[in-house]
Amino acid sequence: MLLSVLFFLLFGSTTISSARILGIVPTPSYSHQIVFRPLWKELSLRGHQVTSITTDPMKDKSLTNLTEIDLHFSYKTWNEKINMVKMAKLNVIGFLNYVVEVGGYFSNEQLQDPEVQRSLNNDSENYDLVLMESFFPTMAMFAKKFKCPLIQILSLDGSSYMYHSIGNPAHPVLNPDFLLNFNEKLTFFERSISTFTLLFLDYYHYPNIVRTHQLLVNKYFGNKYPSLVKTLKRASMMFVNSDIIFHRVRPVLPNVIQFGGGVHFATPKPLAKDLKELLDKSTNGFIYFSLGNNVKGELLAEHTRRVFLETFAELPYTVLWKFEQDVLPEKPVNIIMSKWFPQQDVFRHPNIKLVITQGGLQSIEEAIYNHIPIIGMPFIADQQANIQNIVDRGLGLSVDFNTIDKKTFKKIILEVINNPTYRNKVKELEELLKDQPMTGIKRAAWWAKYVIRHKGATHLKSAVLDLPDYQSYLLDVISFCVLVVLAVGYVLVKLGKLIY
Ligand SMILES: *[C@@H]1O[C@H](CO)[C@@H](O)[C@H](O)[C@H]1NC(C)=O
Ligand SMILES: *[C@@H]1O[C@H](CO)[C@@H](O)[C@H](O)[C@H]1NC(C)=O
């Protein structure tokens, strides 16, 4: 007894109370960044020294334990290269190749940033943990440089190849990739497509990403470390911004933590006086229309823009339209345009009737938690799957921005606003979503600390990681069974011939 108390005093108290944590989110997209801000904040408030490499620093002076390395300049490259409307028209292969190319381009620029360079070249700098958003993974190698555990983090649900990258199974029927917008029950054709997509992502797209970034790793980190693909594979954990209720049910390993569910929500702020008055006055209700930060208004085809305008003009509602252009010709009086609205606070206004969105996860979550039905207009990435999910669950409807016309658009808007079933379904879902034992951020912070305490989490690794693919996909066993059946068939036929 005495001995164990002594032991505890000696060693128990040496558990790290203040660790040094490096959080890296290179994607120059606000929606990728805001998901992790609360995590950096939480960890720093727990007394850890957190450095965050980000394109959107919080610049919150009260967080004295948080240091931010600002890579905001990456937006320039991103905005020059990324044209969502054009990209939405590319086929899947073209789209993915393009994203990889752009990723390589801005990652290269980020690694030349003086502050990133300082960390690269400073041999006395050290960290206890690196968390890295691994869509554009070069900087995951910081974990090797600092000889510390790595956690992969994702600001949206992972694509199947990301789950595979750390040995988590992704079944093509249970979890078709988010690039596909399939219903829950897949037809034979869809199951085939889903399987081929999964193979394509695993054996073409992922190697393509890793190849691109391995070149950057060689250039900036040198080649004294294990390969990037090995480094990602050996990550201790993966934190995924998916919600166990909203997203399709998925079997996950104990080292995959689904921390999603409105993690980015900000504390409510009162609306500006003008906006508040305007929304108060809209007693008939108002509609909020935004295609997110990446689909800029001026990228829309003239025809599509006119359909929006003419449809909105005929509605008895006010329409808030987040639009990137200064002047919109022929703007009807019921349309209020701005480059920016305090979206979360606007959603809390009681007169809101409908949200029209491109289907980014964060906007959908904000709508659901405020009991607002949704019309989806998906462009790229996970948006298709998110909107399909909305439609399947009866939370709203979807339209195709390529083929949209005034008559259908208006009909759909009126249907979603006037038929109460959509709003009721949203309320039902929200009841389920918020019923959780602890917030996702608290869960993620706990597991981050766990990885620090145990200097990794090798004991949670999937055994599949050490098997060749033909073994984990049972190709050898299936081949053997087929051979046995063929052999038995052959013998039976021969015997039959002998007897007759
Ligand atoms: C910063 O960390 C120290 C411990 O390392 C802690 O005592 C302090 O409260 C933290 N400050 C803030 C603002 O989180
Ligand atoms: C290198 O890192 C150490 C430890 O964090 C720090 O004290 C030192 O100032 C850094 N040196 C440079 C040149 O940034």
Side-chain angles (χ1 to χ4, degrees), residues 8-26 33-74 107-133 138-151 153 216-217 219-222 224-225 231 236 239 259 263-267 269 438-456:
F8 176 80
L9 286 179
L10 277 177
F11 299 102
S13 55
T14 59
T15 47
I16 314 122
S17 61
S18 170
R20 288 177 49 81
I21 298 173
L22 177 62
I24 311 168
V25 184
Q33 300 290 334
I34 50 172
V35 170
F36 297 108
R37 286 174 162 190
L39 183 58
W40 312 145
K41 184 171 169 183
E42 175 80 20
L43 289 168
S44 79
L45 289 177
R46 290 182 181 206
H48 302 299
Q49 299 299 317
V50 181
T51 303
S52 136
I53 301 185
T54 171
T55 60
D56 296 80
M58 289 185 263
K59 298 189 174 141
D60 181 343
K61 292 223 164 54
S62 72
L63 301 174
T64 48
N65 293 331
L66 175 68
T67 312
E68 293 176 300
I69 297 182
D70 184 0
L71 301 181
H72 195 79
F73 64 85
S74 298
S107 296
N108 186 35
E109 289 179 343
Q110 290 182 341
L111 281 143
Q112 290 166 10
D113 174 77
E115 279 190 82
V116 174
Q117 279 289 326
R118 202 172 307 144
S119 283
L120 271 173
N121 298 321
N122 187 346
D123 286 331
S124 44
E125 198 164 78
N126 61 75
Y127 284 95
D128 302 301
L129 174 66
V130 171
L131 299 108
M132 163 86 201
E133 199 196 32
T138 306
M139 285 194 250
M141 294 312 277
F142 270 123
K144 288 292 165 220
K145 170 161 170 39
F146 297 127
K147 299 189 185 62
C148 68
L150 168 72
I151 296 180
I153 54 179
L216 294 174
V217 167
K219 180 168 168 195
Y220 293 101
F221 288 86
K224 52 184 177 287
Y225 301 118
T231 303
S236 296
F239 294 169
F259 72 98
V263 293
H264 69 287
F265 290 170
T267 26
K269 283 201 202 81
M438 62 169 100
T439 65
I441 289 299
K442 289 224 153 57
R443 202 159 53 239
W446 191 89
W447 281 103
K449 193 115 183 262
Y450 178 91
V451 169
I452 296 170
R453 274 202 301 278
H454 300 287
K455 302 192 166 46

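First listed ligand is number 1; within each ligand, the first listed atom is number 1. Keep in mind it's a predicted model, so treat the numbers as computed, not measured. All residue numbers refer to positions in the sequence shown, counting from 1.
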Just which atoms of ligand 1 are under 4.0 Å from any heavy atom in Thr64?
11 (N), 12 (C), 13 (C)
Taking it one step at a time, do Trp446 and Lys442 satisfy side-chain contact (heavy atoms from CB on, under 4.5 Å)?
CA-CA 6 Å; Trp446 191 89; Lys442 289 224 153 57; over 6 Å; no
Do Gln33 and Thr55 come within less than 4.5 Å of each other through their side chains, counting heavy atoms only?
yes
May I ask you to check if ligand 1 and Gly47 share an N or O to N or O distance below 3.5 Å?
yes
Listing by chain and number, which residues have a heavy atom under 4.0 Å from ligand 2?
Arg118, Asn122, Ser124, Glu125
Validation row: Val25, Asp56 side chains within 4.5 angstrom (heavy atoms):
no
Geometric class of the Phe36/Phe259 ring pair [parallel <30°, tilted 30-60°, perpendicular >60°]:
tilted
Geometric N/O contact Asn65 with ligand 1, under 3.5 angstrom:
yes
Atoms of ligand 1 less than 4.0 Å from Leu45 heavy atoms?
14 (O)
Provide the closest heavy-atom pair for Leu131 versus Trp40 in the form atom of the first, atom of the second, distance.
CD1-CZ3, 3.9 Å
As an exercise, identify every atom of ligand 1 less than 4.0 angstrom from a heavy atom of Ser18.
5 (O)
Could you verify whether a donor N or O on one side chain and an acceptor N or O on the other, from Thr54 and Glu68, lie under 3.5 Å apart?
no
With side chains defined as the heavy atoms from C-beta onward, is the minimum distance between Asp60 and Leu66 less than 4.5 Å?
no
Do Gln117 and Tyr220 meet the criterion of a side-chain donor-acceptor pair at a distance under 3.5 Å?
no
For Ser44, atoms of ligand 1 separated by under 4.0 Å from a heavy atom
14 (O)
Where ligand 1 meets Ser62 - atom numbers and elements under 4.0 angstrom, heavy-atom basis
13 (C)
Could you check if a side-chain atom of Glu125 sits within less than 4.5 angstrom of a side-chain atom of Arg20, using non-hydrogen atoms only?
yes
